[in-house]
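Presented below is the structure to which this report refers.
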Amino acid sequence: MVAHHLDMGNFNYFCIHNSYFFHLKISTPGRICLFGEHQDYLGLPVIAAAISKRVSIEGGPQENRIIEIDLPNISSSVSFAIEDKITYIQKRDYFRSAVNILQRMGYTFSKGIKCEVTGNIPINSGTSSSSALLCTWVHFLLKSSDQNPTISTKEIAEIAYQSEVIEFNEAGGMMDQYSTAVGDIIYLESVPKIHIEFLKPSIGTFVLGDSLEPKDTQKILSWVKYEMLAIIDKIKEINPEFSLHNAPADSIESYKYLFDSQHFALLKGNISDRDILIEAKELMQSSQFDDEGFGNLLNKHQDNLRDAKKISTPKIDRMINAALEAGAKGAKINGSGGGGCMFAYAPKNPEKVAEAIEKEGGKAYIITITEGSRIEN
């Protein structure tokens, strides 16, 4: 039995007599939210960055129309048949939902798939491991379909968003899918339509710190999303023209009588975060990137996330303080909060910052900005 290797661009084909094995590997990064935490589902923009922690799916077709997915990192596996309409058997059944969405779009799968998922993105820690996995899976499915289309990373993000959020009526926004699929640093608007700008600052190194505390995203969202939406509705009863997009910061005091102190702080925090993001975008588009100014904006954002939105934790606060004392220019919690990760901007001596984070009981990773979902050679 003789095997011949044929160079076919990004794919490997192995011919054994008249039988072909098609081997594919696709990876997608995790992400950090630089500015705009808990803003995208309110219609406000975000600035997010893809990080050098990735999840990969590697495998190929099999003759039966069965999808078999091995997940050794979590000692699990998934297996199901490809049918016209695949029934969901668990909450957030993303592997099945992506196949359903693609079939509704007209893609077909005459063969099954056997593959393995591996990765080094911290799980359930605010670094979008689930969205990165889903974007990888969507990308893998598209290239494994009978159509094998050429498709943009923005389209991968949109399909992943439909599969993760729309299909299961979830509360999340679009930041996770777009920032992981598209990669690099992006400014993202979702209202009135998707608008992405790539930001290319001469930015340095970050240190990601996993608190190892589990988080409850839906519980956090019940406060920072649904309570905020109720606040907006209450203001619009008084002023139908009110908008988070353009309400001047100094006009907010006129609504103070409508709310208790916590809800009023939440309103002010969202307006402040909106303005911090605008300032950060201008800084990141300037010809001279200011490390100190960037770090100060991260710290201001963290103040709002901790005090107004109340998504930080005592342990993460200690990790942030330790990172700053070790020389980081700025630091903040990352993701939905209530646990999970923080990150610090440490363009100099990131090893020292990582050591300080670990002394507070966290798990530290030195990270850089990276490209989005890609086919590996």
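Judged by distance alone, with hydrogens and angles left aside, the side-chain atoms of Lys352 form no donor-acceptor pair with the main-chain N or O of Gly327 at under 3.5 Å. Panel note: side chain Lys332, backbone Cys33; a donor-acceptor pair is recorded below 3.5 Å. Of the possible polar contacts, none joining the Arg31 side chain to the Ser179 backbone as a donor-acceptor pair under 3.5 Å is found. Side chain of His139 to backbone of Ala181: no donor-acceptor contact under 3.5 angstrom is found. Although no hydrogens or angles enter the test, the distance criterion places no donor-acceptor pair under 3.5 Å between the side chain of Gln177 and the main chain of Glu158. Not a single donor-acceptor pair under 3.5 Å links the side chain of Asp40 to the backbone N or O of Pro45. Looking only at distances, no side-chain donor or acceptor of Arg65 sits under 3.5 Å from a matching main-chain atom of Glu83. In this structure, Thr180 contributes its side chain and Gly30 its backbone to no donor-acceptor pair below 3.5 Å. A donor-acceptor pair is defined here as one N or O able to donate and one able to accept, closer than 3.5 Å; such a pair exists between the side chain of Asp146 and the backbone of Ser110. Judged by distance alone, the side chain of Lys310 and the main-chain N or O of Asp307 form a donor-acceptor pair under 3.5 Å.
Between Trp223 and Ala308 the shortest heavy-atom distance is NE1-O, 3.9 Å. The nearest pair of heavy atoms linking Ile252 to Ala247 is CD1-CB, 4.4 Å. In terms of heavy-atom proximity, Thr118 sits nearest to Pro72 at CG2-CG, 4.1 Å. Residues Gly43 and Val191 share a closest heavy-atom pair of CA-CG2, 3.7 Å. The minimum heavy-atom distance linking Ile121 with Pro29 is given by the pair CD1-C, 3.9 Å. In terms of heavy-atom proximity, Ser312 sits nearest to Gln302 at OG-NE2, 3.4 Å.
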With side-chain hydrogen bond (donor to acceptor under 3.5 Å, both in side chains) as the criterion, how do Thr28 and Ser373 come out once you've worked through the C-alpha distance, each side chain's angles and the decisive distance to 0.1 Å? CA-CA 4 Å; Thr28 305; Ser373 189; 2.9 Å; yes
Steps toward side chain to side chain contact (heavy atoms under 4.5 Å, CB included) verdict (Phe140, Ile113): CA-CA 10 Å; Phe140 193 95; Ile113 294 171; 3.6 Å; yes
Mind running side chain to side chain contact (heavy atoms under 4.5 Å, CB included) on Ser251 and Phe242 for me, showing each step along the way? CA-CA 10 Å; Ser251 71; Phe242 176 82; 5.6 Å; no
From CA spacing to verdict: side chain to side chain contact (heavy atoms under 4.5 Å, CB included), His245, Arg274: CA-CA 8 Å; His245 290 269; Arg274 177 202 67 185; 5.9 Å; no
Side chain to side chain contact (heavy atoms under 4.5 Å, CB included) for Ile26 and Ile57? Distances and angles first, verdict last. CA-CA 6 Å; Ile26 291 177; Ile57 298 180; 5.6 Å; no
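Residues Phe35 and Phe294 bring their aromatic ring centres within 6.0 Å. A ring-centre distance under 6.0 Å is not found for Phe95 and Phe80. Taking the six-membered ring for Trp and the full ring otherwise, the centers of Tyr178 and Tyr161 sit at least 6.0 Å from each other.
A donor atom on one side chain and an acceptor atom on the other are not found under 3.5 Å apart for Ser56 and Glu376. Donor-acceptor pairing under 3.5 Å is recorded for the side chains of Asn270 and Lys309. Between the side chains of Tyr255 and Asn239, at least one donor N or O lies within less than 3.5 Å of an accepting N or O. Side chains of His301 and Glu37: a donor-acceptor N/O pair is absent below 3.5 angstrom, by distance only. Tyr88 and Asn100 share a side-chain donor-acceptor pair at under 3.5 Å. One side chain, Ser336 or Lys215, offers a donor N or O that lies under 3.5 Å from an acceptor on the other.
In this view, Ser76 satisfies the side chain to side chain donor-acceptor pair (under 3.5 Å) rule with no residue, not counting sequence neighbours.
More than 12 heavy atoms of other residues, nucleotides or ligands sit less than 6.0 Å from atom NZ of Lys281. The number of heavy-atom neighbours closer than 6.0 Å to CG of Asp260, taken from other residues, nucleotides and ligands shown, is above 12. Summarising the local packing, CD of Glu279 is surrounded by 12 or fewer heavy atoms from other residues, nucleotides or ligands at distances under 6.0 Å. Around atom CD of Glu63, no more than 12 heavy atoms belonging to other residues, nucleotides or ligands sit under 6.0 Å away. For Lys53, the NZ atom is densely surrounded, since the number of other residues' heavy atoms within 6.0 Å is greater than 12. Other residues, nucleotides and ligands place more than 12 heavy atoms under 6.0 Å from the NZ atom of Lys315. Heavy atoms of other residues, nucleotides or ligands lying less than 6.0 angstrom from CD of Gln90 number more than 12.
With salt bridges taken as basic N to acidic carboxylate O contacts below 4.0 Å, one links Glu292 and Lys329.
Going from atom CG of Asp70 over to atom CG of Asn73 covers 9.5 Å, rounded to the nearest 0.5 Å. Distance OG/Ser129 to CD1/Ile123: 6.0 Å, rounded to 0.5 Å. Here the straight-line distance linking atom OG of Ser52 with atom CD1 of Ile369 works out to 8.0 Å at 0.5 Å rounding. The CG atom of Leu266 sits 10.5 Å away from atom CD1 of Ile271, with the distance rounded to the nearest 0.5 Å. The distance from atom OG of Ser125 to atom CE of Met342, rounded to the nearest 0.5 Å, is 13.0 Å. Here the CZ atom belonging to Arg306 is positioned 9.5 Å from the CG atom belonging to Asn299, to the nearest 0.5 angstrom.
Of the residues Tyr187, Phe206, Tyr345, the one that meets the side-chain contact (heavy atoms from CB on, under 4.5 Å) test with Leu34 is Phe206. Exactly one residue among Glu213, Glu358, Glu360 makes a salt bridge (Lys or Arg N to Asp or Glu O under 4.0 Å) with Arg318. That residue is Glu360.
Between Phe109 and Ile67 there is no side-chain heavy-atom pair separated by less than 4.5 Å. Taking the side chain as every heavy atom from C-beta outward, Leu102 and Val99 never approach each other to under 4.5 Å.
Both Leu258 and Leu244 sit in one connected hydrophobic cluster of ILVMFWY residues. Membership requires side-chain heavy atoms under 4.5 Å apart, directly or through other members. The cluster map of Ile, Leu, Val, Met, Phe, Trp and Tyr, joined by side-chain heavy atoms under 4.5 Å apart, puts Ile366 and Val353 in the same cluster. Note on Met174: it does not cluster hydrophobically with Ile47, by side-chain heavy-atom contacts below 4.5 Å among ILVMFWY residues. The hydrophobic cluster containing Leu277 does not contain Tyr41, counting ILVMFWY residues as joined when their side-chain heavy atoms lie under 4.5 angstrom apart, directly or transitively. When hydrophobic clusters are built by joining Ile, Leu, Val, Met, Phe, Trp and Tyr residues whose side-chain heavy atoms come closer than 4.5 Å, directly or via intermediates, Leu212 is not grouped with Phe343.
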